[in-house]
Amino acid sequence: MNLHEYQARELFRQAGIRMPDGEVATKPSEVEAIATRLGGGVVIKAQVHTGGRGKAGGVKLATDPREAAEHAETILGMVIKDLVVSKVLVVPAVEISSEAYVGMILDRESQRPVLMVSASGGVDIEEVAASSPEKIRRLAIDPRFGLLPHQAMELGFALYDDLRHVRAAAKIMTQLYDVFMDNGATLTEINPLVTSSEGEVLALDAKVTLDDNILERRPDLALLRDETAEATSEVEARHAGLTFIKLDGNVGCVVNGAGLAMATMDLVKYYGGEPANFLDIGGSSNPEKVVTALRIITRDPSVKAILFNIFGGITRTDDVANGIVTALQQFKVEVPIVIRLTGTNEEEAIRILSEAGMTALNGMDEAVEQVVARVKEAA
Amino acid sequence: MSILIDSQTRLLVQGITGRDGSFHTQQMLEYGTQVCAGVTPGKGGQLFANSVPIFNTVADAVHQTSANAAVIYVPPAFAAGAIAEAADAGLGLIVCITEGIPTVDLLRILPFVREKGARLVGPNCPGLISPGSAKVGIIPGNICLPGRVGVVSRSGTLTYEVVNHLTREGVGQSTCVGIGGDPIIGTNFIDCLAAFESDPDTDAIVMIGEIGGTDEQQAAEFVAGNVKKPVIGFIAGQTAPKGRRMGHAGAIISGSSGTASEKMAAFEANGISVMERPVDVVHLVRERLGQVSV
């Protein structure tokens, strides 16, 4: 789960990371009041879950409170990469003399958290990584011992010459590691980490991605989820215990298991169709999940046919069949449904479906070919 | 023969009295797995299904039953602790079925597990089965057939789909291993490829990968240098969008890295036959085995 910058700043603040003051606002009048309180020039930053906010015009510098309010007027309501800006962060403008990068990621290969630092900050770090990887220092951290003081100092010296700056950066790296481990993050990042004209080392940006699996244990973090930034269908699916991702095609897919769901989408494409979604009903199938799945998919007007691909293991195929029959009693489905099911309790599932006037296919290829054909007939 | 588990495996079930644990223990017993102990704190002294003794701790269970492998069905909040307990009790193989364990929990305990010399399979995996001799986990026994093809996969039901094709056409399996869909896992493709390569009863290997990370690319390079047996590969997620987590926590394309096409190209460049569809597994296995025997 991605956090907004203002939320990430709160986690940074709790860990003691030095940052300029800042406040979040939803109205130009609030922005004006904050700018007055902070005094001097301010930066207004759109709070949306995407990079490239600056390029899109979502980050603006204002010299006084009146200009701050004007910029807020433009930025609030702005659409950046399909996302509407409903909040802005207002921070004091800082005179900076250098920009560095400090980030912590989950590294699958070393199976450790890895700290990455570069003196070339403020830009797209992926570009730096691709064009001049020697400019990035990486350190895999042993979670049993954490980031050791000498390791942090070594990385600090990779960024700065002035010992005061080195010490301050080393402290921030240790705090960034704490944010990562204490909150179950998969990414914590400061870009840029700056030195101000007063000689301070400060985090000018804050980025945190949390592991979805930590949220059950940490209701305080779960509260940070911004459902207005997500498609409503995806929110509804999550509340029902489904994983749903909307795509651009017209073949609706209902599958059990993430790998099989992806393979099903790929097979739709292989036979000349386009999947409308990824949908995993999960392992333990209760009929209610299937009803919600069908409700979400049929609401998408681009869906021209629906494919069920169920390989029963823990999932009982009769539960899925019951779910389909229940859904069709509750609401009308205007598009054709093609059902493939095999595995646990399939005789019972087939009986339930046939009593409701439906049939089920046994093979995945056969079912996908048929659903693609139905879509073409409808076109 | 097989890899990791066989009819000699003496299995201990952590979370044996829970909903999933009890259901799947029953299934494992019916399949013929030697389930010799269960562990649920507070239920020590009871019997599961009138036959399997339950203990309060893994250490007790190991001491009294000489169990040598564990399977874990405990909820995510307690799963990392259960893995550590099994490793501390000296079990050599630990299979963790639990889905939804926070990654930081795993980061913290993996060094401990390795220090104890244990092999962890999973988490968030369907476990493994050596058809005809033993199953540890949740893979349905009825879709498998004893034979000489090794299967290793990051997925659950997609594995069943592929194995089902093999079985229907009479191509049996030595062992099927689900390594799990999380970004941090105990056993990876290379571990399983190496084990299958040295197993005298495996003739060919099927590996089923998906988008996210670079495990498949590294496995492909390993195959080129170290595996003489034919390898057939599949990658799920050709149509997956970038930056979205496709169900499995590990199935996410970050930046331009971890795409299906990149992985399939790595397979092809290293002599792994690429399945376009799950059904292709049968003719590719036959084709590659034919080439070997000529």
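Note that the structure is a prediction, hence the values are computed from the model and not measured. Residue numbering restarts at 1 for every chain, and letters A, B, ... go by the order of the sequence lines.
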Is there a donor in the side chain of Asn124(B) and an acceptor in the side chain of Asp182(B), or the other way round, less than 3.5 Å apart? yes
Among residues 114-121 of chain B, which ones touch chain A with a heavy-atom distance under 4.5 Å? Arg114(B), Glu115(B)
Contacting region of [X] [heavy-atom separation from chain A under 4.5 Å]:
X         : value
Pro183(B) : both
Thr239(B) : both
Gln27(B)  : neither

Is [X] reaching over with its side chain to a backbone N or O of [Y], donor-acceptor style, under 3.5 angstrom?
X         : Y         : result
Thr214(B) : Gln217(B) : no
Gln26(B)  : Phe23(B)  : no
Thr167(B) : Ile143(B) : yes
Lys263(B) : Gly213(B) : yes
Asp142(A) : Arg144(A) : yes
Ser22(B)  : Gly18(B)  : yes
Asn309(A) : Ala261(A) : no
Thr317(A) : Asn345(A) : yes

Which portion of [X] sits near chain B, non-hydrogen atoms under 4.5 angstrom:
X         : value
Glu109(A) : side chain
Tyr271(A) : side chain
Tyr270(A) : side chain
Asn256(A) : both
Arg217(A) : side chain
Leu106(A) : side chain
Thr264(A) : neither

Return the set of residues passing ring-ring contact (aromatic ring centres under 6.0 Å, His included) with His24(B) (not counting sequence neighbours), or none when no residue passes. Tyr73(B)
Is there side-chain contact between Met28(B) and Val13(B), with heavy atoms separated by less than 4.5 Å? yes
Any residue meeting side-chain contact (heavy atoms from CB on, under 4.5 Å) with Gln238(B), in chain and number order, not counting sequence neighbours: Asp266(A), Ala260(B), Met264(B)
With a 4.5 Å cut-off on heavy-atom pairs, point out which of [options] contacts chain A the most.
options                                    : answer
Pro140(B), Pro111(B), Gly156(B)            : Pro111(B)
Asp20(B), Asp105(B), Leu106(B), Leu110(B)  : Asp105(B)
Arg245(B), Arg154(B), Glu161(B), Arg108(B) : Glu161(B)
Ile184(B), Ile109(B), Asn142(B)            : Ile184(B)
Ile138(B), Thr159(B), Asn164(B)            : Asn164(B)
Ile185(B), Ile139(B), Asn188(B)            : Ile185(B)

Partner chain B: residue of [options] with the largest heavy-atom pair count (under 4.5 Å):
options                         : result
Glu274(A), Met364(A), Arg112(A) : Met364(A)
Asp280(A), Asp212(A), Leu267(A) : Asp212(A)
Leu215(A), Leu260(A), Thr344(A) : Leu260(A)

Give a yes or no on this: more than 12 heavy atoms of other residues, nucleotides or ligands lie within 6.0 Å of atom CD of Glu276(B). no
Pairing of Arg316(A) and Glu348(A) as salt bridge, 4.0 angstrom limit: no
Below 3.5 Å, can you tabulate the donor-acceptor pairs from side chains in residues 239-249 of chain A to any protein atom, sequence neighbours excluded?
residue: His239(A); atom: NE2; partner: Glu227(A); partner atom: OE2; Å: 3.0
residue: Lys246(A); atom: NZ; partner: Asp300(A); partner atom: OD2; Å: 3.0

